[in-house]
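Notes follow the structure.
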Amino acid sequence: MKRFGILYLIFFVCFSGNVAIAQSNSALEVSLEEAIQMAKANNEMLKISEEKLERVHQKYREIRAEALPQLEGSVSWNHYFMAPKITLPGQNGAPSTQLSIKRDFDFEAQANVSQVLWAFGRVRNAINAADRAIQVEQFSKELAEDDLIFQTKSAFFNALLARQALEIVTASQENARQNQQSVRKRYRGGRVSRFDHVKMASDLAARKPIVLNAQKDFQLALNTLKAVLGLSGETEISLKGEFKGAFGQYNAVRLRADLLKENPGLLSLRESVELYGNLATNQKRSFLPTLEGVASYSYSGDGDDFYIGKSNMFSTLTAGLMLRVPIWEGGAKSGRYRQALADQRIAMLELSQAEREMEKELDSALAEFSSQKETLVAQEESVKLARQSYELAKGSAATGKASQTEVNDAELRWTNAQLSLGVTVFSLHVLEARIEYLTSQRNS
């Protein structure tokens, strides 16, 4: 029984260890779509944009409340330890007497209501400005989201490129190893010169640091992607998906229209121009008077005891109009008005500059995309021919019509052609993502 317990313990420890190793080797598989959703969920800047939008929504509620009736209530109870008194002179030589004008206790409950009746459009204009501010923050949030999507796509594509390069150079190293084994057999049979034998060993050794660098670049690319996704450095991830092989055509005219119409950065600047216009108008109208309707109700009384009693209480109800007229504030309103005008002019200049720069950036991206597509066709043909050349060289070397050095050179040309093709495909994917970012095509 004791031996059974020991065997069970050994089995449990071994099984638990195998489970732990299996779990530690498991990696989080991430596709491009999943990466984008993960980045949105973990990105602090996006969360800050959401909080700023919520803050502006609450500011809108605050300003809108100024157009509604304002109700205020107050309750007070006072005990007069020392009360003001008046002196009454005595009559016919009698001594003067002092009379208190306040009794020992008083109580008052009051309710006041006011309503802006006319303010020359300031309240409505302030509400419009708050609504503009909401639109500005909404577009700023969309811009932050678009920027995050572009960063995620770029990091994901970079990791795909690094993985593809690692696969290519690893396969090249394996090809070189197989070629070396073939040369070694022929060298032992005296059919290959010592030079070819040493050259093959040298070529194989030269590929090892290339593979190591590719492994390092792939890990760096994964670390960059994890940082964008908000994952810890210890988290292991595995990429799902490959580069696509076909790319469509773009309508430059339609994309320029989409840029001006849909780009959240430009939309935010346009709303900012209108916002500062509303603020300037409001500051200008602040020089004008404000008409309010006011009403008040009070229930008050005083007495000589703590409990005043209903008999000593009375009610008062008043209603009327109040006209507030600004006369002089030391130039503060004039300064605020000029600031709002300057802010509006700045926003207009920023909008003009942003439109010009973004149109130039879009034209550059479209031109580069078209050029890279032409390069892609040539490089695909180059990869095809390089592979055929390598296969022919291998066949010729097997029959003694070509040296093993020629085989190695052909294989290296094929490897370099594949790497160049991968860089071009990567560039096209990044350019597509940039064009989508500029024209706000979030669903592409």
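We're numbering straight along the sequence, starting at 1. Side-chain atoms are counted along with the backbone in the values below, which use heavy atoms only and exclude waters and symmetry mates.
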Residue pairs passing the ring pair (Phe, Tyr, Trp, His ring centres under 6.0 Å) test where at least one lies in residues 335-376, sequence neighbours excluded:
Y250-F369

Does R434 pair with E361 as a salt bridge, N-O distance under 4.0 Å?
yes

Atom CD of residue position Q58 - does it have more than 12 heavy atoms of other residues, nucleotides or ligands inside 6.0 Å?
yes

Hey, does the side chain of S364 reach the backbone of K360 with a donor-acceptor pair shorter than 3.5 angstrom?
no

Okay, side chain of N213, backbone of P209: is any donor-acceptor separation there less than 3.5 Å?
yes

Using modelled atom types and a 3.5 Å cut-off, is there a donor and acceptor pairing between side-chain atoms of N112 and backbone atoms of S296?
no

Check whether any side-chain N or O of S172 sits under 3.5 Å from a backbone N or O of I168 as a donor-acceptor pair, and report yes or no.
no

What's the separation between atom CG in N175 and atom OG1 in T415, rounded to the nearest 0.5 Å?
7.0 Å

Between E359 and R256, is there a salt bridge with N-O shorter than 4.0 Å?
no

Whether S382 side chain and A378 backbone form a donor-acceptor pair below 3.5 Å
no

Is there a side-chain contact (heavy atoms from CB on, under 4.5 Å) between N312 and R103 once you walk through the steps?
CA-CA 11 Å; N312 294 321; R103 303 175 77 175; 3.8 Å; yes

Distance-only, no hydrogens or angles: does the K226 side chain make a donor-acceptor pair with backbone N or O of G233 under 3.5 Å?
yes

Does the distance from a Lys or Arg side-chain N to an Asp or Glu carboxylate O, for R122 and E66, drop under 4.0 Å?
no

Testing the basics here: between V123 and A67, what is the closest heavy-atom pair and its distance to 0.1 Å?
CG1-CB, 3.4 Å

To the nearest 0.5 Å, how far apart are CG in L421 and NZ in K384?
13.5 Å

Could you tell me which non-hydrogen atom of A417 sits nearest to which non-hydrogen atom of A386, and how far apart they are?
CB-CB, 4.4 Å

Report the residue from K47, K40, M45 that forms a side chain to side chain contact (heavy atoms under 4.5 Å, CB included) with N43.
M45

Are P264 and S440 side-chain neighbours, meaning at least one heavy-atom pair lies under 4.5 Å?
yes

Check ion pair R336-E329 (N to O, under 4.0 angstrom):
yes

Ring pair (Phe, Tyr, Trp, His ring centres under 6.0 Å): pairs with one or both residues in residues 111-168, sequence neighbours excluded:
W118-F120, F150-Y437, F157-H429

State the CG-CE distance between D363 and M358, to the nearest 0.5 angstrom.
13.5 Å

Looking only at side-chain N and O atoms, does D131 offer a donor or acceptor that is under 3.5 Å from a partner on Q135?
no

I want to check something: taking the side chain as every heavy atom from C-beta on, are R413 and S389 in contact at a cut-off of under 4.5 Å?
yes

Report the C-alpha distance between N278 and E274 in whole Å, list the side-chain angles of each, state the deciding distance to 0.1 Å, and finish with yes or no for side chain to side chain donor-acceptor pair (under 3.5 Å).
CA-CA 6 Å; N278 288 135; E274 299 297 329; over 6 Å; no

State, with a plain yes or no, whether a side-chain heavy atom of F247 is found less than 4.5 Å away from one of V425.
yes

Looking only at heavy atoms, which two atoms of Y297 and S315 are closest? And how far apart?
OH-OG, 3.1 Å

Please evaluate residues E355 and R270 with respect to the criterion side-chain contact (heavy atoms from CB on, under 4.5 Å), reporting the C-alpha separation (whole Å), side-chain torsions for both, the decisive distance (0.1 Å), and the verdict.
CA-CA 11 Å; E355 288 178 343; R270 291 194 189 101; 3.1 Å; yes

Nearest 0.5 Å please: distance from the CG atom of L269 over to the CD1 atom of I346.
12.5 Å

Test log, rule side-chain contact (heavy atoms from CB on, under 4.5 Å), inputs Y60 and I127
CA-CA 7 Å; Y60 174 80; I127 293 175; 3.7 Å; yes

Under a 3.5 Å threshold, yes or no: a donor from one side chain and an acceptor from the other, between Q151 and D147?
yes

Any D343 side-chain heavy atom under 4.5 Å of L275 side chain:
no

Crowding at NZ, K240 (>12 non-hydrogen neighbours, <6.0 Å):
yes

Between the side chains of Q379 and T424, does any donor sit under 3.5 Å from an acceptor?
yes

Out of the candidates R55, E50, H57, only one should pair with L53 under the side chain to side chain contact (heavy atoms under 4.5 Å, CB included) rule; please name it.
H57

Specify the closest pair of heavy atoms between L160 and E242, including all atoms of both residues, with the distance to one decimal.
CD1-C, 4.2 Å

Minimum heavy-atom distance between A130 and I63, given as atom pair plus value
CB-CD1, 3.8 Å

Does NZ in K333 sit with more than 12 non-hydrogen atoms of other residues, nucleotides or ligands closer than 6.0 Å?
yes

Is K373 atom NZ crowded by more than 12 heavy atoms from other residues, nucleotides or ligands, each under 6.0 Å away?
yes

Is it true that atom NZ of K244 has more than 12 heavy atoms of other residues, nucleotides or ligands lying nearer than 6.0 Å?
yes

Less than 4.5 Å apart, any side-chain heavy atom of L225 and any of V30?
no

With rounding to the nearest 0.5 angstrom, report the CG to OG1 distance, L341 to T281.
8.5 Å

Under the side-chain contact (heavy atoms from CB on, under 4.5 Å) rule, what do L28 and M38 come out as? Steps first, then yes or no, please.
CA-CA 12 Å; L28 176 64; M38 197 177 300; 4.1 Å; yes

Verify, without hydrogens or angle tests, whether N158 (side chain) and A221 (backbone) share a donor-acceptor contact under 3.5 angstrom.
no

Under the side chain to side chain contact (heavy atoms under 4.5 Å, CB included) test against L255, which residue among D258, V253, N251 passes?
D258

Going by atom types alone, do E33 and Q37 pair a side-chain donor with an acceptor below 3.5 Å?
no

Drop me the distance from L260's CG to T439's OG1, to the nearest 0.5 angstrom.
11.0 Å

Answer with yes or no whether the side chains of E174 and T170 bring together a donor and an acceptor at under 3.5 Å.
no

In short, V113 meets P69 closest at the heavy-atom pair CG2-CB, 4.3 Å

Can you check whether L366's main-chain N or O pairs, donor with acceptor, with S370's side chain at less than 3.5 Å?
no

Thinking salt bridges, do R207 and E411 make one under a 4.0 Å N-O criterion?
yes

Any side-chain heavy-atom pair from S300 and F314 closer than 4.5 angstrom?
yes

For M313, look at atom CE and say whether over 12 heavy atoms of other residues, nucleotides or ligands are found less than 6.0 Å away.
yes

Positive for ring pair (Phe, Tyr, Trp, His ring centres under 6.0 Å) with F105, one of Y80, W77, F81, Y307
W77

Counting distance only, does the side-chain N/O of E357 pair as donor-acceptor with the main-chain N or O of S352 below 3.5 Å?
no

